[in-house]
Amino acid sequence: MADGMYVAMCGAAARAEQLEAVADNLANAQTPGFKSTRPAFESFLPASGARDKAHVAAVATGFDLRPGPTVATGNPLDVLPEGGAFLAVRLGPDRVAFTRDGRLALDAERRLVASGRPVLDRQGNPIFLPQDAQPSVDARGVVRAGDEAVAEIGLWRLDGPADRVGPTLLAPGRGGTAVPAEAGVRTGEIELGNTPPIEAAVQLVSAQRAFDTSMQALQTYRRLDDRSTELGRVR
């Protein structure tokens, strides 16, 4: 009976990871720039070589990079990269992340920031605005202070695996890359999370039922194991 218990336990653990991912997607359906996660499952044979039982596990988590719904804000510093491109932001001296959250602002140093992180230009440098200048961004991603062009926002495309490094921040994973993208931006708009709430709610119910089924199977195998122990006990 022990093999059956392990199979049920593996199934419950995999469904628990799926529940966590779906719940996170649903909670961030309205979060600007959020990209939903998609856990990947794999079945495998136990080390004992038994061919009649296969274990399952969540072996990887991918991200759905498709665009989400857009909202017009009218704010001249809200930008929406076109063509699925990402803004680049600085996390530290040698760390860069990428985001679709285009709610730009100026920090105390007059740097252009997104998600509280400095936005980088096409050369990978932070963008500074002069004092007392009204900033704006045109359709080519050129940042202007009044009528003067200051810098051009760098836009990038993510290829291959990616890792989440913040609520709306991604970075290339092992084997993934970020390459410059020739794209423009739409001003006065932002992109919301790309998880349809109804779809996520259905997935949540389905994953919960599958988790409950695995837990019921686990309890059944435990009871059978207890009964077999009792039957084999010498009285």
Side-chain angles (χ1 to χ4, degrees), residues 7-44 54-73 75 78-87 89 91 97-104 114-117 156-176 178 181 183 185-186 188-218:
V7 171
M9 183 174 62
C10 288
R15 290 301 181 180
E17 290 192 38
Q18 183 186 20
L19 276 170
E20 183 178 353
V22 175
D24 188 45
N25 293 343
L26 183 59
N28 288 282
Q30 299 295 312
T31 300
F34 181 82
K35 295 302 175 186
S36 59
T37 56
R38 296 285 187 267
F41 300 96
E42 182 178 344
S43 61
F44 56 94
H55 298 189
V56 65
V59 295
T61 299
F63 294 96
D64 184 354
L65 300 184
R66 291 177 297 178
T70 61
V71 174
T73 65
N75 186 337
D78 285 343
V79 299
L80 176 60
E82 296 182 319
F86 286 76
L87 304 172
V89 296
L91 295 185
F98 302 87
T99 183
R100 294 274 295 173
D101 185 358
R103 295 175 296 174
L104 306 184
S115 301
R117 307 287 186 175
W156 304 77
R157 185 180 70 251
L158 297 182
D159 289 335
D163 296 327
R164 194 186 299 283
V165 294
T168 60
L169 299 175
L170 299 177
R174 178 177 297 180
V185 299
R186 287 151 51 184
E189 296 181 52
I190 58 173
E191 178 185 271
L192 302 180
N194 63 347
T195 302
I198 295 179
E199 176 184 324
V202 172
Q203 291 175 349
L204 191 65
V205 172
S206 176
Q208 182 64 58
R209 288 177 176 172
F211 175 79
D212 292 341
T213 299
S214 295
M215 291 301 296
Q216 290 172 6
L218 178 61

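- Counting only heavy atoms from C-beta outward, the side chains of Thr70 and Arg186 approach each other to under 4.5 Å.
- Atoms CG and CZ, on Leu170 and Phe63 in that order, are 5.5 Å from each other to the nearest 0.5 Å.
- At least one side-chain heavy atom of Phe98 sits less than 4.5 Å from a side-chain heavy atom of Pro172.
- For the side-chain contact (heavy atoms from CB on, under 4.5 Å) test with Arg100, the passing option among Leu169, Leu80, Leu192, Leu87 is Leu80; the others fail.
- Across all their heavy atoms, Asn28 and Asp24 have their closest contact at ND2-O, 2.9 Å.
- Annotation for Gln208: atom CD counts as buried by contact number, over 12 foreign heavy atoms lying within 6.0 Å.
- Of the possible polar contacts, none joining the Glu82 side chain to the Ala183 backbone as a donor-acceptor pair under 3.5 Å is found.
- Of all heavy-atom pairs between Pro32 and Ile190, the closest is CG-CD1, 4.1 Å.
- Of all the heavy atoms in Asp101 and Ala114, the pair that sits closest is O-CB, 3.7 Å.
- No side-chain heavy atom of Arg174 sits under 4.5 Å from any side-chain heavy atom of Pro161.
- With contacts defined as side-chain heavy-atom distances shorter than 4.5 Å, the pair Leu204/Leu19 qualifies.
- To the nearest 0.5 Å, the span separating CH2 on Trp156 from OG1 on Thr99 amounts to 15.5 Å.
- The nearest pair of heavy atoms linking Asn25 to Ser36 is OD1-CA, 3.3 Å.
- In terms of heavy atoms, Pro81 sits closest to Val185 at CA-CG1, 4.0 Å.
- Paired with Lys35 under the rule side-chain contact (heavy atoms from CB on, under 4.5 Å), one option of Asp64, Thr168, Leu65 passes, and it is Leu65.
- Between Arg164 and Phe34, the closest side-chain pair of non-hydrogen atoms falls below 4.5 Å.
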Practice item. Evaluate the side chain to side chain contact (heavy atoms under 4.5 Å, CB included) criterion for residues Leu26 and Thr195: first the C-alpha distance (whole Å), next the side-chain angles of each, then the deciding distance (0.1 Å), finally the verdict. Key: CA-CA 7 Å; Leu26 183 59; Thr195 302; 5.7 Å; no
